[in-house]
Structure formats: structure tokens, C-alpha cells
Amino acid sequence: MSVHKNDIKRVTTHIIQEMKHRGEKISCLTAYDYSLAGIVDAAGIELILVGDSASNVMAGHETTLPITLDQMIYHAASVVRAVKRALVVVDLPFGSYQGNSEEALRSAIRIMKESGAHAVKLEGGLEVRESIIRILSAGVPVMGHLGLTPQSIYKFGTYTVRAKGEAEAQKLLEDAQMLDETGCFAVVLEKIPSALTKQVSESITIPTIGIGAGPHADGQILVLHDLLGLTKEFKPRFLRRYADLNGIVHEAISNYVGDVKGRSFPNEKESY
């Protein structure tokens with residue numbers, strides 16, 4: 001018997017995995033603040049990612065690398081306070097887990113204790129296996145991330161589609177299987193060929209969450225600010241804009257400026 005989304009008091013990692021097994025697509029979005037996270041949660045999203053993309057959309061950095069663990073915890077805590085139903089996953093930022101599994105565990109525990117989030121996400125395959133095992137041993141759920149991994153942008157030098165070649169595709173498949181076997185509850189597949197997404201999704205037991213990875217993933221994720229049309233310059237092929245809030249907000253503020261300068265705001269009813 002399927003469970004209606006309104007009957008679920010809290011989405012868990014187990015529910016996310018069960019959705020894959022019964023063929024129900026998983027909807028995911030990013031959020032970084034209390035106000036928008038509450039709206040996202042109330043709309044019925046199953047998983048909210050407090051992404052290190054906050055470095056771009058909230059702080060204006062060119063890459064995700066500058067954001068710190070303290071800043072990620074601040075954003076995560078803001079989101080958690082607003083969310084009543086969705087599973088909240090938080091990115092481990094660049095420098096907080098690579099190359100040192102003990103540091104990875106400390107970072108994950110800080111996120112869980114100080115933000116109240118439900119899981120963490122980290123980029124990479126075999127090279128971060130030790131960190132994943134150590135984090136999981138502490139009882140912290142882990143989501144993987146393969147394909148285009150933005151924290152490695154200076155290694156790859158481009159945001160182009162990954163794993164188009166046979167060797168890289170095979171490594172990605174092997175990494176996904178490793179993440180599954182190690183105990184991750186899901187894996188993000190970013191900007192890889194649709195056919196490879198299908199192959200990966202069918203070869204592992206955990207859900208795949210796609211972004212720019214075609215329709216065969218078990219779920220989809222987008223950056224909230226891109227979906228809402230708040231960002232204008234970012235126009236990747238995979239992005240579907242569901243609103244033009246940039247234009248709406250601009251018009252509203254322009255009208256406010258005009259009313260202030262024209263002395264029509266505030267009027268008598270808006271005064272005490």
C-alpha cells in the first residue's frame with residue numbers, strides 16, 4: 001500500500017530508499033534560509049539539500065570552494081528550523097573531509113549537532129571511501145555525489161558534461177557501486193550522459209538523484225534560485241525555470257521606490 005505524502009510526518013532515509021524500490025520519483029531542491037525553506041517544505045519536496053552552492057547564490061563567489069564549515073552550519077540551522085517534513089541533507093564543504101577521515105568525521109558531527117540536520121553529502125568515489133566509512137560508523141547518514149563534482153573544478157578546469165568517455169564512465173559506475181556497498185543512502189549524479197544515469201540507476205540499490213543527468217535517475221534536484229528565476233546569467237541546458245522572480249522582485253522594488261519618491265507611501269491608512 002502506498003503512503004500519501006501528507007500522511008508522512010517526517011521523510012527519512014529509509015523512505016527515500018523505499019521510494020526507489022516502488023518506482024516513485026524523488027523530488028529534491030536546495031534551500032539556504034528559513035523563509036524559503038519553509039515554503040519548499042510545505043510544497044511537498046521530499047529532500048532539501050543545504051548545498052555548498054550557497055557559496056555562489058548567497059555569497060556571490062565564482063565557485064563553491066570558499067564557503068566554510070561554520071557558514072554551512074549557519075545555513076543548515078536556518079533551514080532545519082523551518083522544515084517540518086522533508087529530509088535535510090547538508091554538504092560537507094571543500095577542505096572539511098578530503099584526505100583526512102578523522103577531519104571528515106569531526107565535520108559531519110559538527111553539522112549534525114549544531115544544525116540539527118539529518119544527513120551529510122560529500123563528493124567523490126573511492127578516494128573518499130575511508131571518510132564515508134568513518135562517518136557512517138558514527139551513525140550519520142551519507143549521500144554521495146559523482147559526475148561533475150564542483151569542488152574539483154580546478155582539477156577538471158571546466159563545468160562540461162562528465163563521463164562521456166568509456167574509461168571515466170566505467171570508473172563512475174564502479175564508484176557508484178562502491179557507495180552503495182559502503183552504505184550511502186543515495187547518490188547525486190551531476191551532468192553525465194542520460195544513458196549512463198540509466199545504467200547506474202539499474203545497477204545499484206540506492207536512489208540516484210540527477211541534476212543535468214537525464215530522466216532515468218530515481219529523483220531530480222535543482223538549485224532553488226535557478227528554478228525560481230532569481231538567477232539570470234546561469235542558463236544550463238538542464239535547467240527549467242518555473243518562475244521569473246527576478247523580474248517580479250525588480251518590478252515590486254521599482255514601484256516601491258516610485259511610491260516613496262512620489263510621496264504616496266506611506267498613506268494615511270499606513271500611518272499611526
Side-chain angles (χ1 to χ4, degrees), residues 13 16-17 20-21 26 28 47 49 51-53 63-65 89-105 107-108 119-137 140-223 236-238:
T13 56
I16 293 293
Q17 291 177 314
K20 172 178 178 127
H21 297 150
I26 303 159
C28 314
L47 187 152
L49 173 66
D52 57 4
S53 45
T63 72
T64 62
L65 274 62
V89 182
V90 182
D91 267 333
L92 284 170
F94 178 73
S96 69
Y97 65 93
Q98 292 97 336
N100 187 328
S101 63
E102 293 182 5
E103 181 70 18
L105 177 59
S107 300
V120 298
K121 179 173 79 65
L122 69 168
E123 297 179 2
L126 189 61
E127 63 275 13
V128 294
R129 182 173 181 270
E130 186 180 337
S131 292
I132 292 171
I133 291 172
R134 196 177 281 265
I135 294 169
L136 288 171
S137 72
V140 178
V142 175
M143 173 184 270
H145 185 149
L146 299 172
L148 175 63
T149 47
Q151 290 179 12
S152 302
I153 180 57
Y154 291 125
K155 173 184 176 183
F156 296 125
T158 175
Y159 286 108
T160 190
V161 176
R162 304 301 311 173
K164 290 194 289 186
E166 185 177 344
E168 189 179 353
Q170 182 61 33
K171 183 183 186 307
L172 188 144
L173 179 59
E174 291 172 359
D175 281 340
Q177 291 168 342
M178 181 277 295
L179 294 175
D180 185 4
E181 293 164 3
T182 302
C184 292
F185 76 90
V187 56
V188 170
L189 301 176
E190 182 168 359
K191 222 167 178 188
I192 66 172
S194 179
L196 180 57
T197 299
K198 186 175 189 293
Q199 184 181 5
V200 172
S201 300
E202 291 174 352
S203 69
I204 61 176
T205 65
I206 60 175
T208 57
I209 308 298
I211 177 166
H216 301 298
D218 300 303
Q220 298 292 333
I221 187 165
L222 286 174
V223 171
R237 178 175 175 175
F238 64 80

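Here, residue 1 is the first one in the sequence, and each next residue gets the next number.
Between Asp175 atom CG and His145 atom NE2 the span is 12.5 Å, to the nearest 0.5 Å. Between Asn100 atom CG and Glu130 atom CD the span is 8.5 Å, to the nearest 0.5 Å. With rounding to the nearest 0.5 angstrom, the CD atom of Glu103 is 9.5 Å from the OG atom of Ser131. Rounding to the nearest 0.5 Å places NE2 of His21 at 12.0 Å from CD1 of Ile16. Note that OG1 of Thr205 is 10.5 Å distant from CD of Gln177, once rounded to the nearest 0.5 Å. Here Leu173 contributes atom CG and Leu196 contributes atom CG; the two are 7.0 Å apart, rounded to the nearest 0.5 Å.
Contact detail for Val223 and Ser53: the closest heavy-atom pair is CG2-OG, 4.2 Å. Shortest non-hydrogen contact noted between Ala163 and Ala169 is O-CB, 3.6 Å.
Counting only distance, with no hydrogens or angles, the side chain of Thr208 and the backbone of Asp218 share a donor-acceptor pair below 3.5 Å. Tyr97 places no side-chain N or O within 3.5 Å of a backbone atom of Ile132 that could act as its donor or acceptor partner. Lys20 places a side-chain N or O within donor-acceptor distance of the main-chain N or O of Ile206, the cut-off being under 3.5 Å. Checked by atom type and distance alone, the side chain of Glu202 never pairs as donor or acceptor with a backbone atom of Gln199 at under 3.5 Å. Side-chain N or O atoms of Glu123 include one that pairs as donor or acceptor with a backbone N or O of Gln151 at under 3.5 Å. Looking at Thr149, its side chain never comes within 3.5 Å of a backbone N or O of Leu146 through a donor-acceptor pair. No side-chain donor-acceptor contact under 3.5 Å links Ser96 to the backbone of Ser107.
By the 4.5 Å heavy-atom criterion applied to side chains, Ile204 and Leu179 are not counted as neighbours. Residues Val142 and Thr182 are not in side-chain contact: their nearest non-hydrogen atoms beyond the backbone lie 4.5 Å or more apart.
Side-chain atoms of Glu166 and Gln170 include no donor-acceptor pair closer than 3.5 Å.
Surrounding NZ of Lys198 are at most 12 heavy atoms belonging to other residues, nucleotides or ligands under 6.0 Å away.
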